[in-house]
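Side chains included, hydrogens not; waters and symmetry mates left out as well; all remaining heavy atoms used. Predicted model only: the values in this text are computed from it and were never measured. In this chain, numbering begins with 1 at the start of the sequence shown.
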Amino acid sequence: QNKLGGFIVTNPINIFYLSGFRGISQTARESILIFCPSPILITATLYQNEAKSLARKDLKIKIVPGSNLIFKKALDLQKDSKRIGFEEGNLTYNEYQYFKRSLGGKLVPTSNLVENLRIIKTTEELKKIAKAQKISQKAFEKILPLLAIGQTEGEIAEKLAQVIKSLGGQDLAFESIIASGPNSAVPHHVTGRRKIKKGDILLFDFGAKYQNYCADLSRTIFLGRAGDRQRNIFNHVLTTQQKAIAKIESGTKSPDAYHAALDHFKKHRLHRNFLLGLGQGIGIEVHEAPYLRPFDSAQ
């Protein structure tokens, strides 16, 4: 559809999505997946066993002696292709210059080409996401009776990670946020050493990972009796969530879901405190398209 004769995939998460290859790091260049036009996974000898196990009729595997030769191999295989796409949001400037010296005007920047494929989940993907979410919810239920005044945020986070593992979670989907008292009002608070006190608001923002798919769960609890103002705000947020969920169905545009929430907050003069988007998709990453926000996404 993009009239490309070749395509270079460097984002490790997209490489995993398309080929099943994981490697060790999501930041280091341990592999490249190219299409010329058939797909070829290129990686170093260190990962040859994992890579070769993925070989199939529609995926060839090329092994090079070291990671420093991965780009050279990709270049050699793409030299005869015309109009070669690359992921503009992932390829570094130095890497782009390396390809440009040999491929020149053949290079075509692309945006979210693979990410747009990832928006729509397969049945198997949905099962893994649901399992990760169920593990997260069960972990939350199990951690509540273990809470005690005087525990630090870090101690709660550590125990939560242990519970997730005990329930079959592969790992944490992201670093858990345990925010107590005034910290609960800090967006993306870094879990620290503050001790929880009676009367605190305690925010949990965490998720389990199951077979490489993520969950994301946020829950707010009160240590002791919630005051009238706290209870009022909590109930407004709960009502808003329910209204937004009721709005979401096949064919709904993301701004419509967002405005269903915003309109309720406006009605009660709380909209100035609605500072984040309403929500986002989830999958291999914690944040994936589509995004529920006040304007149509480019995706």
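- The closest donor-acceptor contact from the side chain of E50 to the backbone of R22 lies under 3.5 Å.
- Note that CG of N90 and CD1 of I13 are 9.0 Å apart. Values are rounded to the nearest 0.5 Å.
- Note on K62 versus D76: no salt bridge recorded, every NZ/NE/NH1/NH2 to OD/OE distance being 4.0 Å or above.
- Between the S254 side chain and the P290 main chain, no donor and acceptor come within less than 3.5 Å of each other.
- Between F99 and F86, the distance separating the two ring centers is not shorter than 6.0 angstrom.
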Trace of the side-chain hydrogen bond (donor to acceptor under 3.5 Å, both in side chains) decision for R194 with N183 = CA-CA 9 Å; R194 184 184 185 276; N183 294 338; 5.5 Å; no
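- A ring-centre distance under 6.0 Å is found for F274 and Y258.
- When only modelled atom types and interatomic distance are considered, R118 and N14 share a side-chain donor-acceptor pair under 3.5 Å.
- Side chains of Y98 and L75 form a contact here, defined as non-hydrogen atoms less than 4.5 Å apart.
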Would you please test Q242 and T239 for side-chain hydrogen bond (donor to acceptor under 3.5 Å, both in side chains) and show each step?
-> CA-CA 5 Å; Q242 292 167 343; T239 301; 4.7 Å; no
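- The backbone N or O of Q211 sits less than 3.5 Å from a side-chain atom of Q170, completing a donor-acceptor pair.
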Evaluate side chain to side chain contact (heavy atoms under 4.5 Å, CB included) for I201 paired with T220, printing each intermediate quantity in order.
-> CA-CA 7 Å; I201 295 173; T220 301; 3.6 Å; yes
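- Counting only heavy atoms from C-beta outward, the side chains of E88 and T110 never approach each other to under 4.5 Å.
- With a 4.5 Å cut-off on side-chain heavy atoms, I221 and L144 count as touching.
- Looking at S81, its side chain never comes within 3.5 Å of a backbone N or O of I84 through a donor-acceptor pair.
- Residues L217 and Q137 have side chains in contact (heavy-atom distance under 4.5 Å, counting atoms from C-beta outward).
- Cluster annotation: I248 is connected to V237 through the hydrophobic network of ILVMFWY side chains, with a link wherever side-chain heavy atoms come within less than 4.5 Å.
- The hydrophobic cluster containing V286 does not contain I129, counting ILVMFWY residues as joined when their side-chain heavy atoms lie under 4.5 angstrom apart, directly or transitively.
- Side chain of S184 to main chain of S180: no donor-acceptor pair is present (N/O by atom type, distance under 3.5 Å, no hydrogens or angles).
- With hydrogens and angles disregarded, no donor-acceptor distance shorter than 3.5 Å links the side chain of R293 to the backbone of P255.
- Panel note: side chain N2, backbone L4; no donor-acceptor pair is recorded below 3.5 Å.
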Worked check of salt bridge (charged side-chain N to carboxylate O under 4.0 Å, His left out) between E288 and K121 | CA-CA 11 Å; E288 294 192 2; K121 280 22 180 197; 2.7 Å; yes
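- One N or O on the side chain of N116 and one on the backbone of N112 form a donor-acceptor pair closer than 3.5 Å.
- There is no path of hydrophobic side-chain contacts, each under 4.5 Å, that joins F16 to Y210.
- A donor-acceptor pair under 3.5 Å is absent between the side-chain atoms of E30 and the main chain of A44, judged by distance alone.
- Counting only distance, with no hydrogens or angles, the side chain of T122 and the backbone of E125 share a donor-acceptor pair below 3.5 Å.
- Cluster annotation: L33 is connected to Y47 through the hydrophobic network of ILVMFWY side chains, with a link wherever side-chain heavy atoms come within less than 4.5 Å.
- Taking the six-membered ring where the residue is Trp, F204 and F206 present perpendicular rings, their angle passing 60° and hence far from 30°.
- Taking the six-membered ring where the residue is Trp, H268 and H236 present tilted rings, their angle falling between 30° and 60°.
- Here CZ of F222 is found 5.0 Å from CD of Q230. Values are rounded to the nearest 0.5 Å.
- Taking both residues in full, the closest heavy atoms of L59 and L41 are given as CD1-N, 4.1 Å, listed atom of the first, atom of the second, then distance.
- Salt-bridge formation is not detected for the pair K209/E285: no Lys NZ or Arg NE/NH1/NH2 atom is positioned less than 4.0 Å from an Asp or Glu carboxylate oxygen.
- In summary, E155 and K195 do not engage in a salt bridge, as defined by a charged side-chain N under 4.0 Å from a carboxylate O.
- Taken together through direct or relayed side-chain contacts under 4.5 Å among Ile, Leu, Val, Met, Phe, Trp and Tyr, I61 and L18 form part of one hydrophobic cluster.
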